[in-house]
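To start, the structure itself, in structure tokens.
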Amino acid sequence: MTEIDDVALSVSDPEAAAQFYSGLLRRRPLEANADHAVFVLSPGRTLSLWRGGERLSPAQVDFLLAASAAVDELHIDWWDRGARIVLPPADEDGGRSFLARDPDGNRLRVYAAA
């Protein structure tokens, strides 16, 4: 049996969050309803959006890219698609990255390892 890495985020409105992530990720959810939505991020990795939940602080989703140039390109794309950019692309010890937030305040870290 294949193990799935599921990143779960708490959102106030799963339908609105699914619409936001559909635009950001350029794909439709695998499943969606009023309380839950699921996106396939890559083989064996999913993103689940859940209404409410016990978590009180925002969570983080990491998106690993193959090259630093891809980080810069995705930054521009996500900016145009409505992601709130918190930290613009910058070179750090581990590589190049930027940080965005979704409408519920969850952190979206995009990076390419050095």
Side-chain angles (χ1 to χ4, degrees):
M1 183 173 176
T2 304
E3 189 171 318
I4 301 275
D5 175 25
D6 182 51
V7 179
L9 298 180
S10 181
V11 297
S12 58
D13 180 349
E15 291 173 322
Q19 185 175 14
F20 171 79
Y21 279 98
S22 287
L24 204 64
L25 301 173
R26 296 184 191 189
R27 65 186 67 150
R28 301 170 92 184
L30 180 63
E31 96 182 49
N33 60 50
D35 293 314
H36 180 231
V38 177
F39 288 86
V40 174
L41 296 178
S42 62
R45 188 166 187 238
T46 59
L47 171 64
S48 293
L49 309 171
W50 291 93
R51 178 179 302 280
E54 296 177 17
R55 185 182 48 76
L56 299 176
S57 60
Q60 179 169 303
V61 181
D62 292 327
F63 297 88
L64 174 62
L65 301 180
S68 294
V71 171
D72 294 336
E73 291 170 11
L74 194 59
H75 165 257
I76 292 167
D77 183 59
W78 280 17
W79 175 274
D80 291 344
R81 293 176 182 279
R84 257 186 12 232
I85 304 301
V86 177
L87 296 172
D91 291 319
E92 300 175 357
D93 290 340
R96 188 154 182 84
S97 68
F98 75 87
L99 184 67
R101 289 196 185 267
D102 71 9
D104 289 286
N106 294 298
R107 295 177 301 273
L108 310 172
R109 179 177 168 254
V110 176
Y111 69 101

Problem - Side-chain donor/acceptor of Asn106 to backbone N/O of Ala59, under 3.5 Å - result: yes
side-chain hydrogen bond (donor to acceptor under 3.5 Å, both in side chains) filter on Asp6, not counting sequence neighbours, yields Thr46, Ser48
Residues Arg84 and Gly105: closest non-hydrogen pair is NH2-CA, 4.4 Å
Taking side chain as C-beta onward, heavy atoms only, is Leu108 less than 4.5 Å from Leu24? yes
Is there a path of hydrophobic side-chain contacts, each under 4.5 Å between heavy atoms, that joins Leu25 and Ile85? yes
Nearest heavy-atom approach of Arg28 to Ser22 is CA-OG, 4.1 Å
side-chain hydrogen bond (donor to acceptor under 3.5 Å, both in side chains) filter on Arg81, not counting sequence neighbours, yields Asp77
Apart from Leu99 itself, its cluster of hydrophobic side chains linked below 4.5 Å comprises Val86, Leu87
(message) Can a donor-acceptor pair be found, under 3.5 Å and without considering hydrogens, that links the side chain of Arg51 to the backbone of Ser12?
(response) yes
d(Leu49 CG, Asp104 CG) to nearest 0.5 Å is 8.5 Å
Could you tabulate the donor-acceptor pairs under 3.5 Å formed by side-chain atoms of residues 61-76, not counting sequence neighbours?
residue : atom : partner : partner atom : Å
Asp62   : OD1  : Gln60   : NE2          : 2.8
Asp72   : OD1  : Arg96   : NE           : 2.8
Asp72   : OD1  : Arg96   : NH2          : 3.1
Asp72   : OD2  : Arg96   : NE           : 3.3

Applied to residues 4-46, the ring-ring contact (aromatic ring centres under 6.0 Å, His included) test, sequence neighbours excluded, yields His36-Trp50
Contacts of Asp13 meeting salt bridge (charged side-chain N to carboxylate O under 4.0 Å, His left out) (sequence neighbours excluded), chain-then-number -> none
Note: Ala100 and Trp78 closest approach over all heavy atoms is CB-CE3, 4.3 Å
On a heavy-atom basis, the closest approach of Tyr111 and Ser97 is CB-CB, 3.6 Å
| Within 6.0 angstrom of Arg27 CZ, more than 12 heavy atoms from elsewhere | yes
Problem - Min side-chain heavy-atom separation Asp5-Leu41 under 4.5 Å - result: no
